[in-house]
Amino acid sequence: MRVYIGIDDTDSKRSMCTTYVAAVALRRAESLGAKRADLPWLVRLNPNCPYKTRGNAATCLPLEVEPSVFGAVWNSVVETVRELADLENGADPGVAAFSEESRPLLAGLYLRAVRELVELESVLKVCESHAIRYWAFGESRGLIGAAAAAGAKEETLTTYELLAYRTRAMWGKERLIDPESVRRMDELFGGQTFDNYDYDRDEVRITPHTPCPVLLGIRSTCVEVLSESLSVLRINEPLEFYEVFKTNQATDLHYVVRDLRSIRPLESVVVRGRVASEPRVTPGGHVFLKVSDDSGSVTVAAYEPTGAFRWVVARLTVGDEVAVYGSVKIKPEGLTLNLEKLHVLKLKEVYVERAPPCPLCKKSMKSVGSRKGYRCERCGYIDPKATKVRKRVDRGLVEGFYEVTVTARRHLVRPLSLKESGPNDHRSA
Ligand code: ATP
């Protein structure tokens with residue numbers, strides 16, 4: 001029989017990672033006779049979810065299991081979660097197994113969990129009526145991610161991540177990877193892998209900064225290059241093992257296209273509108289401006305960590321047509337859209353009016369008086385008919401897409417370097 005076992009909420013800020021728990025559970029399930037029906041899935045859910053620990057990751061193990069051993073496999077997965085989850089520090093794990101036939105019933109839940117907040121009660125009902133088995137601990141919140149991951153639409157799982165795990169003795173210690181080798185790996189495989197290195201900030205991006213079992217993660221659009229990419233890295237500590245996951249990372253799946261009247265907090269939206277205020281740069285280097293459409297207006301923010309992207313935003317002016325991509329937050333002043341991407345659709349033509357140049361000596365002439373023409377102070381040339389000249393301002397910006405620096409990019413956001421479209425591509429917005 002084909003089963004999809006979703007697992008979520010095993011970690012705390014102090015330790016663990018749900019991908020590691022899933023990878024260990026997978027190995028143990030295989031030792032009991034289960035076969036992989038696919039790579040394990042790493043499913044990113046709503047990046048604005050207030051309950052997330054870090055990147056709101058959930059996992060699913062697609063397995064082919066003989067009905068006679070399913071009970072043993074299920075018990076082993078739950079035991080692995082019990083053993084490894086950081087239960088003392090607030091993890092509320094959930095595990096739920098679904099059949100191939102019931103998966104279509106979960107597709108709506110999956111998309112809602114990526115784009116909205118989902119109520120636990122509704123997920124409990126889904127598990128009650130459709131799960132083969134489910135188990136949860138504490139507040140049971142992990143069942144939301146577990147069921148959503150098991151319901152992931154396969155056409156949205158278009159990227160991969162190789163996750164390499166550290167030996168237990170190294171958990172919490174500095175990660176020993178040579179940054180030069182990461183740049184080399186990026187040079188060799190940067191076409192098929194992404195977000196390896198932040199050249200703006202001169203920072204390795206394949207290693208997390210948390211005390212979790214993950215040593216590194218290489219994200220890619222092509223599964224074949226992953227092990228070769230890993231082999232280029234100079235790693236000065238032992239690996240426990242590595243696992244390749246299929247993911248919905250870098251797909252833009254979290255965005256919904258909205259007008260400003262209908263944006264809601266905790267959503268990620270794409271809004272098409274016009275710049276309605278001049279950008280304001282704060283002393284901390286954050287940039288704010290207003291964008292409006294026919295239904296309303298919103299403050300748009302490019303915070304300091306978004307890097308050089310802020311200076312693009314700071315060059316916008318009232319009347320520019322844009323599509324803004326980002327997450328909606330409630331602030332005391334009202335709703336704010338934290339920018340993740342920007343599509344400059346049409347730059348307003350901006351002109352300045354200047355005194356005309358002297359045709360003889362090219363110096364700027366001076367006005368003689370209203371409608372009385374201009375006079376050159378250097379050579380004395382007078383033109384009683386001369387008027388101001390209009391000059392188009394170079395905006396220092398071209399129409400097109402812009403994105404935040406790699407360090408500030410959320411897992412679901414599709415890097416512009418990935419040319420082919422994701423399942424929820426909004427490039428035409
Ligand atoms: P990591 O990325 O390090 O694995 P995390 O950021 O995934 O950690 P979790 O510890 O899994 O964080 O906690 C997220 C919790 O929020 C889980 O219990 C999950 O079920 C729940 N959750 C995820 N998405 C939603 C959503 N859209 N609505 C409601 N709850 C959600």
Side-chain angles (χ1 to χ4, degrees), residues 5-25 40-61 81 84-96 106-127 131 134-152 156 161 163 165-166 171-172 207-217 219 243 245 247-249 253-256 264-269 327-328 409-413:
I5 305 185
I7 306 172
D8 195 17
D9 206 335
T10 63
D11 53 4
S12 72
K13 286 216 160 40
R14 293 208 197 152
S15 85
M16 207 29 69
C17 170
T18 302
T19 68
Y20 177 75
V21 178
V24 173
W41 298 347
L42 160 54
V43 179
R44 296 284 174 182
L45 303 175
N46 187 345
N48 310 310
C49 175
Y51 314 116
K52 69 176 187 170
T53 311
R54 286 181 290 266
N56 208 5
T59 55
C60 172
L61 305 177
V81 173
L84 295 175
D86 195 5
L87 304 178
E88 296 81 46
N89 292 306
D92 290 314
V95 186
L106 304 174
L109 166 65
Y110 165 58
L111 289 179
R112 282 201 298 125
V114 172
R115 296 173 180 164
E116 303 164 20
L117 275 198
V118 175
E119 295 295 327
L120 177 57
E121 290 67 40
S122 65
V123 174
L124 282 170
K125 278 191 198 140
V126 167
C127 291
Y134 70 97
W135 170 88
F137 182 88
E139 292 181 10
S140 308
R141 192 174 294 286
L143 280 178
I144 299 174
T156 68
E161 183 160 356
L163 283 155
Y165 299 103
R166 325 181 74 185
W171 293 4
T207 49
H209 296 286
T210 49
C212 72
V214 176
L215 174 64
L216 62 92
R219 292 159 279 235
E243 188 60 71
F245 289 81
T247 89
N248 62 354
Q249 294 175 154
L253 191 67
H254 57 318
Y255 292 125
V256 284
R264 302 275 174 270
L266 308 181
E267 276 186 344
S268 303
V269 294
S327 56
V328 183
R409 183 157 37 237
R410 299 184 124 170
H411 298 283
L412 278 163
V413 175

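All ligand and atom numbering here is 1-based and tracks the order in the structure. Keep in mind that this is a model prediction, so the values were computed, not measured.
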Using a 4.0 Å cut-off to any heavy atom of [X], which atoms of ligand 1 qualify?
X      : answer
Arg141 : 18 (O), 19 (C), 20 (O)
Gly142 : 18 (O), 20 (O)
Asp8   : 11 (O), 17 (C), 19 (C), 20 (O)
Arg54  : 3 (O), 5 (P), 6 (O), 8 (O)
Asn46  : 27 (N)
Gly145 : 19 (C), 20 (O)
Tyr51  : 13 (O), 14 (C), 15 (C), 16 (O), 30 (N)

Ligand 1 and [X], any nitrogen or oxygen pair closer than 3.5 angstrom?
X      : result
Val118 : yes
Val114 : no
Gly55  : yes
Asp11  : yes

Closest protein heavy atom (residue, atom, distance) for [atom]:
atom                    : answer
atom 30 (N) of ligand 1 : Ile144 CD1, 3.6 Å
atom 24 (N) of ligand 1 : Asn56 ND2, 3.2 Å
atom 18 (O) of ligand 1 : Asp9 OD2, 2.5 Å
atom 7 (O) of ligand 1  : Ala57 N, 2.7 Å

Judged by atom type as modelled, is there a donor-acceptor pair below 3.5 Å linking the side chain of [X] to the main-chain atoms of [Y]?
X      : Y      : answer
Trp171 : Arg166 : yes
Arg115 : Leu253 : yes
Asp92  : Glu139 : yes

Which heavy atom of [X] sits nearest to which heavy atom of [Y], and what is that distance?
X      : Y      : value
Asp9   : Ala91  : O-CB, 3.6 Å
Leu106 : Gly151 : CB-CA, 3.5 Å
Thr10  : Pro93  : CG2-CB, 4.3 Å
Pro47  : His254 : CG-CD2, 3.8 Å

d(Thr19 OG1, Ile7 CD1) to nearest 0.5 Å is 10.5 Å

To atom 10 (O) of ligand 1, the nearest of Leu45, Leu42, Thr53, Thr18 on a heavy-atom basis is Thr53

Any non-hydrogen atom of [X] lying under 4.0 Å from ligand 1?
X      : value
Glu119 : no
Cys49  : yes
Asp92  : no

Query raised in the report: Does the side chain of Asn56 come under 3.5 Å of the side chain of Arg410 through a donor N or O and an acceptor N or O?
Result: no

Those residues at least two apart in sequence (or on a different chain) that pass side chain to side chain contact (heavy atoms under 4.5 Å, CB included) with Val123 are Leu109, Val118, Cys127, Leu143, Ile144, Ala147

Side chain to side chain contact (heavy atoms under 4.5 Å, CB included) filter on Val328, not counting sequence neighbours, yields Ile263, Val269, Leu335

Heavy-atom side-chain proximity of Val114 to Asn46 below 4.5 angstrom = no

